[in-house]
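Structure first, commentary second.
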Amino acid sequence: MKEFPTADAALEGVTDGMSIMAGGFVSAGSPTNLIRALVRRGTRGLTAIANNIGLGDELDSLAEHGQLAKMITTFAIRASGSRTTHFERQWRAGAVALELVPQGTLAERIRAGGAGIPAFWSPVGPDTVAAEGKETRLFGGRPHVLEHALTADVALIRAQRADERGNLVYRGAGRNFNVPMATAARLVIAEVEEIVPTGSLDPEHIVTPGIYVDRLVRCPAVPVRWQG
Amino acid sequence: MPLTRELIAMRAARELAPGMVVNLGIGLPTLVASYAPEGVLFQAENGILGYGGVLEDDALFDPDMINAGGQPVATVPGASFFSSDASFAMIRGGHIDVAILGGLQVSVTGDLANWMVPARGGGSIGGAMDLATGARRLIVLMEHVTKTGEGRILPECTYPLTGKGCVNLIVTDLAVLEVTAAGLALREIAPDITVAEVLRATSAPLLVPAQVPLMEL
């Protein structure tokens with residue numbers, strides 16, 4: 001049985017220094033219950049991989065409590081300076097490292113990690129910081145950047161519904177990074193609103209096959225709002 | 001009078017036609033959805049193809065139904081959902097007709113800088129580099145000069161680049177400019193704005209035709 005009684009229990013074995021992927025795009029499909037449990041767990045020295053930090057998501061609480069060593073993300077520090085986050089203060093103090101990645105490159109690096117592709121040539125990023133220190137090569141006369149796959153020790157994801165085998169169905173724009181992250185971590189923990197008996201999900205509708213999902217926990221959605 | 005942000009968005013919407021697949025960046029570009037012609041299919045890189053305008057009623061907010069700026073949206077008939085890797089395959093693979101992004105600086109050769117102000121550092125790239133690379137046409141919306149009066153249209157960008165030679169059209173509160181092989185060409189000026197005013201606000205050489213039409217909004 002993959003179901004765990006609480007988000008806290010589902011994090012058993014998550015230890016200091018691990019790399020943790022967290023799905024979600026600000027409010028959509030964010031595994032907020034699992035992130036809050038990770039904050040409560042107090043695990044430190046983490047490398048977190050997520051689309052955004054500090055846009056209203058709970059990941060900023062990990063920064064607030066000094067649990068992050070490194071953040072790999074696409075939205076980190078507001079260019080406008082309209083709002084300051086715990087992550088921004090930690091980063092300015094040199095307490096946390098930041099690897100800023102173009103969003104599509106982040107998604108594809110995670111997809112590649114789950115698909116057994118060690119690296120790929122991307123047309124995104126030549127002549128920008130995204131290409132610094134990386135090999136480049138011309139294809140069809142256009143420069144491409146060699147990007148390496150990303151995997152992690154743990155992925156925290158959210159779906160709307162699971163069956164007992166861990167097959168997942170999502171809702172609206174909630175798929176986002178949850179889908180590739182489910183394939184790219186050694187331990188995949190999914191929070192869902194509902195767990196239904198095996199066989200009651202239509203196989204035509206399943207987005208994440210259950211073989212990718214190790215643990216399930218039932219949690220009500222936590223409303224998260226974008227803070228621009 | 002320079003154009004308001006709504007009027008900049010209204011002028012940009014005139015570049016769109018039914019059947020086009022269009023991605024709108026965060027900030028000023030999100031306003032374009034309200035003025036676009038029927039039949040434009042908006043793509044949000046967080047995984048929606050086919051959303052309508054932004055929902056104003058906060059009671060309708062649904063955390064799983066947002067555009068890439070976090071604003072609540074509703075789908076249109078025929079919409080589809082997909083994951084981020086599929087969304088950026090769509091973008092990188094050349095399946096987006098037009099991307100409309102905000103800008104901090106644009107060079108005369110169409111280089112774009114829009115993700116970081118060096119004085120602040122850090123920055124947020126989001127999907128901008130992917131869109132600048134993958135969209136078939138890139139339109140940048142921005143105020144012609146900064147709040148402190150510095151030019152945003154320059155011979156070379158001084159901020160870190162989002163992409164090189166990626167911009168096709170710039171719509172500002174003063175003018176419409178097109179990146180051409182010969183240089184940056186002044187195409188239209190805002191009502192009540194003179195060509196001389198545009199030239200004064202532009203810190204780079206412009207190709208100026210004998211007659212510059214007024215923007216139609």
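Note on naming: letters A, B, ... go to the chains in the order of the sequence lines (proteins, then strands), and numbering restarts at 1 for each one. No experiment lies behind these values; they were computed from the predicted model shown.
Using a 4.5 Å heavy-atom cut-off against chain A, the contacting residues of residues 109-130 of chain B are B:Trp115, B:Met116, B:Val117, B:Arg120, B:Gly121, B:Gly122, B:Gly123, B:Ser124, B:Ile125, B:Gly126, B:Gly127, B:Met129, B:Asp130. Using non-hydrogen atoms only and a strict 4.5 Å limit, no part of residues 31-40 of chain B faces chain A. Residues of residues 154-169 of chain B that come within less than 4.5 angstrom of chain A, heavy atom to heavy atom, are B:Leu161, B:Thr162, B:Gly163, B:Lys164 in numerical order. For a heavy-atom cut-off of 4.5 Å, chain B lies close to no residue in residues 148-156 of chain A.
Taken to the nearest 0.5 Å, the CG atom of B:Asp85 stands 10.5 Å off from the CE atom of A:Met181. Atom CE of B:Met65 sits about 11.0 Å away from atom OG of A:Ser27, to the nearest 0.5 Å. For the atom pair CG (B:Asp64) and CZ (A:Phe25), the distance works out to 13.0 Å, reported to the nearest 0.5 Å.
The residue among B:Ala86, B:Ala89, B:Gly70, B:Pro63 with the most heavy atom pairs within less than 4.5 Å of chain A is B:Pro63. With respect to chain B, the highest number of heavy-atom pairs below 4.5 Å among A:Val101, A:Asn176, A:Val179 belongs to A:Asn176. Note on A:Asn52, A:Val129, A:Val26: by heavy-atom pairs under 4.5 Å with chain B, the leading option is A:Val129. By number of non-hydrogen pairs under 4.5 angstrom with chain A, the leading residue of B:Ser87, B:Ala44, B:Ala68 is B:Ala68. Annotation: maximal heavy-atom pairing with chain B below 4.5 Å, among A:Ala221, A:Ala76, A:Pro102, A:Pro123, occurs at A:Pro102. For chain A, the option among B:Thr75, B:Ile66, B:Ile48 with the highest count of heavy-atom pairs below 4.5 Å is B:Ile66. For chain B, the option among A:Thr105, A:Asn178, A:Thr128, A:Ile110 with the highest count of heavy-atom pairs below 4.5 Å is A:Thr128.
With a 4.5 angstrom heavy-atom cutoff, A:Glu88 touches chain B only via side-chain atoms. Heavy atoms of B:Phe82 lying under 4.5 Å from chain A belong exclusively to its backbone. For chain B, no part of A:Arg109 is nearby; none of its heavy atoms comes within less than 4.5 Å. Of the two parts of B:Ala79, neither the backbone nor the side chain holds a non-hydrogen atom closer than 4.5 Å to a non-hydrogen atom of chain A.
The number of heavy atoms from other shown groups lying within 6.0 Å of CZ (A:Arg165) does not exceed 12.
In this structure, B:Phe88 and A:Glu108 have side chains that are not in contact, with every pair of non-hydrogen atoms separated by 4.5 Å or more. A heavy-atom distance below 4.5 Å is found between the side chains of A:Arg171 and B:Asp62. Two residues are said to be in side-chain contact when any heavy atoms from C-beta on lie closer than 4.5 Å; B:Ile91 and A:Gln103 fail this criterion. Counting heavy atoms from C-beta on, the side chains of B:Ser83 and A:Tyr170 never come closer than 4.5 Å.
Without hydrogens or angle criteria, B:Arg92 side chain to A:Gly104 main chain gives a donor-acceptor distance under 3.5 Å.
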Derivation and outcome, side-chain contact (heavy atoms from CB on, under 4.5 Å), residues B:Ile26 and A:Phe75: CA-CA 12 Å; B:Ile26 294 172; A:Phe75 288 94; 3.7 Å; yes

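Between A:Arg175 and B:Phe81, the shortest heavy-atom distance links the atoms NH1-O, 3.6 Å.
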